[in-house]
Trainee: 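Mind looking over this structure? Questions follow.
It should be emphasised that the depicted structure is a prediction, and the values quoted were computed from it without experimental measurement.
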Amino acid sequence: MTTPVPGPVRPPATVRPDDARRALVAGSVGNFIEWYEFGIYGYFATVIAAQFFTPDGGSEVEGLVTAYASFAVAFFFRPVGAAVFGRFGDRVGRRPALVVVVCLMTGATAMIGLLPTYASIGAAAPWLLTLLRILQGLSAGGEFGGAVSVMTECAPPGRRGLYGAWQSFTVALGLLAGAAVAVVLASVLTASQLYGWGWRVPFLLTLPLGLVALRLRLRLPPDEPSALAPSALAPSALAPSAPAPGGRAKGGAGPEGGARPRPGETGRAVVLGVGRMMGWSAAGYTFLVVMPSYLQSTLGTTFQRALLGTVLANLGFAASILPAGRLSDRLGRRTVMVAGALLIAALALPLLHLVQDPGAPGYAKGAALFAAGAGVGLMAGPGPAMLAEMFPARVRCTGLGLAYALSNAVFSGCAGLIITEVVARTGNVDVPGYYAAATCAVSVAALLTLRGDDHERALR
């Protein structure tokens, strides 16, 4: 016998079209800034390593590994941000949470562009950089849960996958924008200028972008805090109960009330979400962010060519996201995401071998990177809606934010560190392919547990 608890005021029964569009834009713009910032850190990892992490006499590989360690630290603070800002968004409202995280992200990123380097202040420089990366990780952890909750809750009937896909699409746009800025700077500046001051420019550009995002989010319609007893937001409340046909959850979970989940369901729900996400997280960072440094340090590719290859991978990623989200509204999240994970698991090594082949034509290498990005997009398009459908409204920010943040902390944040370190120790240049293939294979098993009709059910 279940004990009813008060249900949330959110989401409303109907959403005006103007409010739906406003929610889509305001939710997307913060994701764009977040992933632009994370992209440029990855693209400029070799430059940042030289400026902050390589003391006199240190090798390039040592500096790169340390730079990626700082990169990973930010990801491990994402779950903390997801819990703190997710709870804030579930209790106080989506809009105030989104306003706070975009301010924190913008301020921390702009400050990186103003930091003195190791040559100026010595060992304090990498510590200050790491502190700012921690602030970025906290804000990024809160960004996803709030943005996806707003975008999916405001989606018109039958378009939740498409609306959620805009989160992933703005990820692609952010990564592409970061790569474009990096390519332009690498083309117009000399190496000494790029290492001297040019690397600061892309970080400082986030300041005007953040002001635009802040204005858009302040214009979101106010949402009312959930009318919940404090116990309703205990960790066990995160676990979803299976909805009955028609969109209402068994046990009365819905706008009128909810059933208290059994202890332990929350952990299983979040772990399952991590499993469904891990292939997307690992393959995405392997092919879309880490690839430039891998091509430079392992294959001896020039900075400009490495960035060009990454642009092609991100173009493939961007091209497939929205069609994948829309297709998942028709065929289901499971069908589309499993197809993407299987594609990467099967083709990661052959595609990497083609990129490594010095005799392969340039257009073939470009096509391989484009295809790798497109495979990741098949998972990323339906992914946000899939996660939103796992958790009830009263804890949606927290639940989906934690699943996403934990997956990214382990399988994205560590991607550069793992790949660079293992390649350096073993000399095996196929490590990125093995990493992407193995994680996608595990995701296939987790994704097969999805119901085929989740996309047809109302959000709880």
Trainee: Quick one, Val270 and Leu406 - any side-chain contact, counting heavy atoms below 4.5 Å?
Mentor: yes
Trainee: Taking Thr286 for the side chain and Ala436 for the main chain, is one N or O donor matched with an acceptor at less than 3.5 Å?
Mentor: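 No, the answer is negative, given that no donor and acceptor are paired below the 3.5 Å cut-off.
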Trainee: Compute whether any side-chain donor of one residue and acceptor of the other, for Ser407 and Ser281, lie under 3.5 angstrom apart.
Mentor: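 Present: a donor and an acceptor within the cut-off.
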Trainee: Test your reading of the model: is there a side-chain donor-acceptor pair from Asn31 to the backbone of Thr170, 3.5 Å cut-off?
Mentor: no
Trainee: Below 4.0 angstrom, N of the basic side chain to O of the carboxylate: do Glu153 and Arg160 qualify?
Mentor: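 Result for this pair is no, no salt bridge flagged.
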Trainee: Check Leu352 against Val429 and note the closest heavy-atom contact, atom names and distance.
Mentor: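 In terms of heavy atoms, the two residues are closest at CD2-O, 3.8 Å.
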Trainee: Looking only at atom types and distance, does a side-chain atom of Gln51 sit under 3.5 Å from a main-chain N or O of Tyr195, one as donor and one as acceptor?
Mentor: yes
Trainee: With rounding to the nearest 0.5 Å, note down the distance linking CG in Leu176 to CZ in Phe32.
Mentor: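 Rounded to the nearest 0.5 Å, the CG-CZ separation comes to 9.0 Å.
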Trainee: So do Met277 and Met337 actually touch side chain to side chain, heavy atoms under 4.5 Å?
Mentor: no
Trainee: Report yes or no: does Lys365 contribute a side-chain atom to a donor-acceptor pair with the main-chain N or O of Gln356 at less than 3.5 Å?
Mentor: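 Checking the backbone N and O of Gln356 against the side chain of Lys365, no donor-acceptor pair under 3.5 Å is found.
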Trainee: Looking at residues at least two apart in the chain, or sitting in another chain, which of them share a ring pair (Phe, Tyr, Trp, His ring centres under 6.0 Å) with Phe169?
Mentor: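 Expected list: Trp166.
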Trainee: Taking the side chain as C-beta and beyond, is there a heavy-atom pair between Trp280 and Asn408 under 4.5 Å?
Mentor: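 Not touching, per the 4.5 Å side-chain cut-off.
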Trainee: What's the separation between atom OG in Ser320 and atom CZ in Phe370, rounded to the nearest 0.5 Å?
Mentor: 8.0 Å
Trainee: Only counting residues at least two apart or in another chain, list the ones meeting ring pair (Phe, Tyr, Trp, His ring centres under 6.0 Å) with Phe144.
Mentor: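 So Phe144 forms a ring pair (Phe, Tyr, Trp, His ring centres under 6.0 Å) with Tyr404.
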Trainee: Ala140 and Met105: which non-hydrogen atoms are nearest, and at how many Å?
Mentor: CB-CE, 3.9 Å
Trainee: Within the structure provided, determine whether Arg78 and Leu138 are in side-chain contact (heavy-atom separation under 4.5 Å).
Mentor: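 No. Closest side-chain heavy atoms not under 4.5 Å.
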Trainee: Between Leu343 and Gly375, which heavy-atom pair has the shortest distance, and what is it?
Mentor: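 Looks like CD2-CA, 3.8 Å.
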Trainee: Is any side-chain heavy atom of Val274 less than 4.5 Å from a side-chain heavy atom of Phe411?
Mentor: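 They are in side-chain contact.
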Trainee: Can you tell me how far the CG atom of Leu402 sits from the SG atom of Cys397, to the nearest 0.5 Å?
Mentor: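 Rounded to the nearest 0.5 Å, the CG-SG separation comes to 11.0 Å.
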Trainee: Indicate the atoms forming the closest heavy-atom contact of Leu354 with Ala368, along with that distance.
Mentor: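 That would be CD2-CB, 3.6 Å.
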Trainee: Kindly say whether the aromatic ring centers of Phe52 and Trp199 come within a distance under 6.0 Å.
Mentor: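 Here the rings of Trp199 and Phe52 have centres that are less than 6.0 Å from each other.
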Trainee: Is it true that a side-chain atom of Thr106 and a backbone atom of Cys103 form a donor plus acceptor pair closer than 3.5 Å?
Mentor: no
Trainee: Would you say Arg276 and Met390 make side-chain contact, with heavy atoms under 4.5 Å?
Mentor: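 Yes, close enough: below the 4.5 Å cut-off.
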Trainee: If you compare all heavy atoms of Leu447 against all heavy atoms of Ala341, which two are closest, and at what distance to 0.1 Å?
Mentor: CD1-CB, 4.4 Å
Trainee: Can you name the residues that form a side chain to side chain contact (heavy atoms under 4.5 Å, CB included) with Val181, not counting sequence neighbours?
Mentor: Tyr36, Leu185, Pro202, Leu205
Trainee: Kindly indicate whether the side chain of Phe85, heavy atoms from C-beta on, has any atom under 4.5 Å from the side chain of Leu98.
Mentor: no
Trainee: Write out all pairs satisfying salt bridge (Lys or Arg N to Asp or Glu O under 4.0 Å) with one or both partners inside residues 333-356, taking only residues at least two apart or from two chains.
Mentor: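 Found Asp329-Arg333, Arg333-Glu389.
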Trainee: Judged by atom type as modelled, is there a donor-acceptor pair below 3.5 Å linking the side chain of Gln167 to the main-chain atoms of Gly164?
Mentor: no
Trainee: Verify, without hydrogens or angle tests, whether Asn314 (side chain) and Leu288 (backbone) share a donor-acceptor contact under 3.5 angstrom.
Mentor: yes
Trainee: Give a yes or no answer on whether the side chain of Ser328 reaches the backbone of Gly325 with a donor-acceptor pair at less than 3.5 Å.
Mentor: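 Yes; at least one donor-acceptor contact below 3.5 Å.
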Trainee: Is the backbone of Gly279 close enough, under 3.5 Å, to the side chain of Thr439 for a donor and an acceptor to pair up by distance?
Mentor: no
Trainee: Could you note down all residue pairs passing side-chain hydrogen bond (donor to acceptor under 3.5 Å, both in side chains) where residues 135-152 supplies at least one of them, sequence neighbours left out?
Mentor: Glu37-Gln136, Thr109-Gln136, Arg133-Gln136, Glu143-Arg217
Trainee: Leu448: what forms a side chain to side chain contact (heavy atoms under 4.5 Å, CB included) with it, not counting sequence neighbours?
Mentor: Val338, Val444
